[in-house]
Amino acid sequence: MIKIEATTADAYRLFHEGALALARAEREGIRVDVEYSEQKKKHLERKIEYHQKQLEETKLYRQWNHVYKGKTNIHSNQQLARILYKNMKIEPVKTTETGQGATDEEALRRLDIPGLDLILSIRKLSKIKNTYLGAFTREQFNGFIHPSFNLHNVRTYRSSSEGPNFQNIPKRDKESMKICRRAILPRPGHMLIEADFSALEVNISECYHKDPVMMKYLLDDKSDMHLDMAKQIFIMPDMQKSIPTHAILRQAAKNGFVFPQFYGDYYGNNAHSLCEWTKLSRGRWKKGQGLELPDGSHISNHFLSKGIKSFDQFTEHMKRVEDDFWNRRFKEYGRWKKKSVQDYRKRGWLKTHTGFTCSGLMRDNEISNYPIQGSAFHCLLFTFIELDKIAQREKWKSKIVGQIHDSILLDADPVELGRIKEALQTIVKEILPNAWRWIIVPLEIDVEEYGVDLPWVS
DNA sequence: GGAACTCGCCAC
DNA sequence: AAACGTGGCGAGTTCC
């Protein structure tokens, strides 16, 4: 008889071996360019001072300084909130968790007051200087940082990282990415390589809900879930991924609807987020507004022609899209979510395919997210452990140095590159699916290579 | 002077 | 009916 269900003992063994493999990566460490980091910090400091000087010329700052005098601190959001929402009597467009007027990027951008753009620039530069470059120089020892990869902190049985956190170095914002990742180097003569699972969480979700429509999207290269959702959301049946504007709308559907829905978001927030992407207002729409389409017309014209004339009508439209998403398109996924909640309510706990137990009070969204998020990371950890075993056995000069939930970072000897790629494919295509029979979809891992003696910048 | 809190923001 | 999952960390602030 083939054993299908993983036990707590299996889960324990995974984390025991995982802790040992991660500890070896921690001891090896990641090389940082200390000289560069110190120089760049000084450069950023000068830029921050320059922006601060400009800020001091604004009406906003004069009002601020009138209230706080010698205690004025442009980094204090509490002071900023008081100036904006009390002294200037602006009605907050958004509040924080505790009900105070928000001063985050979205709130400040909507106000459009001279000087707030400078505050945002200063925040961005300070973040790079203090959170990333500052941490690299503070934590480095002999030119190497040794972040800890923890397995005991996360409710879903994912990992976390600290000292410094290696799992949140900027990537999306190109400028921040270049400045921060320029500081991460391979050992002399080596190259950094990053092995990423593609769409890991979506693939692992399939192993739980077994939705046939989702399965088709995952197996058929020609089908594209995000493009299909973009067609439905924007009512454009003839959309093509190769047309740049359509690619933007596809991206909007992916990041403004599909992924948030998987995490438990609802159509109301989706409508707001999609209007950010398409540059449409929260009121009534007129011709000539929002994103420009390939034919030179604006997206508002298109929506008007389809009978959607305002943000409120668009929200109603998104409500129908959401209903269709869970009750028709991905009906089995929707059913699985409901059943998971019922089962948890009855028992008070749930188990992952990898043998871990999640117990304690959980909200509906958490019940369906936890097993997916955990098991997805466990596929990465399994791969990490097996790769480490091979590296030890074959005495690689290449070092496994880090991990970011669905990817592994190696500091590789170029001579060994072919062997590393081969080993990764063997693990992901043979060893992993053979060991865990619950994996019912083909998993893919891609390797991104950075240059010899060059930093972690693409 | 340190602990604990809020807020904002980076990653997956 | 209501409505976004998991973390770490810096700065400012408050409390002891």
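Each chain gets a letter, A, B and so on, in the order the sequences are listed, and its residues count up from 1. The structure displayed is predicted, hence computed values, not measured ones.
- Across the protein-nucleic acid pair, A:E175 atom CD and B:dC9 atom P stand 16 Å apart, rounded to whole Å.
- Tested against A:D364 for a salt bridge (charged side-chain N to carboxylate O under 4.0 Å, His left out), the candidates A:K339, A:K338, A:R345 yield a single pass: A:R345.
- Considering only side-chain atoms of A:T98, the nucleotide from B:dC7, C:dC4, C:dG7 that sits closest is B:dC7.
- Contacts of A:S407 with the nucleic acid, taken as non-hydrogen atoms under 4.0 Å apart, are absent.
- Taking the side chain to side chain donor-acceptor pair (under 3.5 Å) definition, one finds that A:S126 meets it with nothing, sequence neighbours left out.
- Listed nucleotides: C:dT6, B:dA11, B:dC9. Nearest to the side chain of A:N168: B:dA11.
- Residue A:N153 places at least one side-chain N or O under 4.0 Å from the OP1 or OP2 atom of C:dG8.
- In this structure, the nucleotide among B:dC12, B:dG8, C:dG5 sitting nearest to the side chain of A:N365 is C:dG5.
- For A:T156, counting side-chain heavy atoms from C-beta on, the closest listed nucleotide (C:dT6, B:dA11, B:dC7) is C:dT6.
- Between A:F262 atom CZ and C:dG5 atom P there is a gap of 16 Å when expressed in whole angstrom units.
- Between A:E366 and A:Y267, the residue anchored closer to the 5' end of DNA chain C is A:Y267, taking for each the nucleotide with the nearest heavy atom.
- Closest to the A:N150 side chain, of the nucleotides B:dG8, C:dG5, C:dG8, is C:dG8.
- Checking the phosphate oxygens (OP1, OP2) of C:dG8, a side-chain nitrogen or oxygen of A:S160 falls inside 4.0 Å.
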Protein-nucleotides 10-14 of chain C N/O pairs closer than 3.5 Å?
residue, atom, partner, partner atom, Å
C:dG10, OP1, A:R138, NH2, 2.8
C:dA11, OP1, A:N130, ND2, 3.2
C:dG12, OP1, A:N73, OD1, 3.4
C:dG12, OP1, A:N73, ND2, 2.8
C:dG12, O3', A:S76, OG, 3.3
C:dT13, OP1, A:S76, OG, 2.6
C:dT13, O3', A:Q78, OE1, 3.4

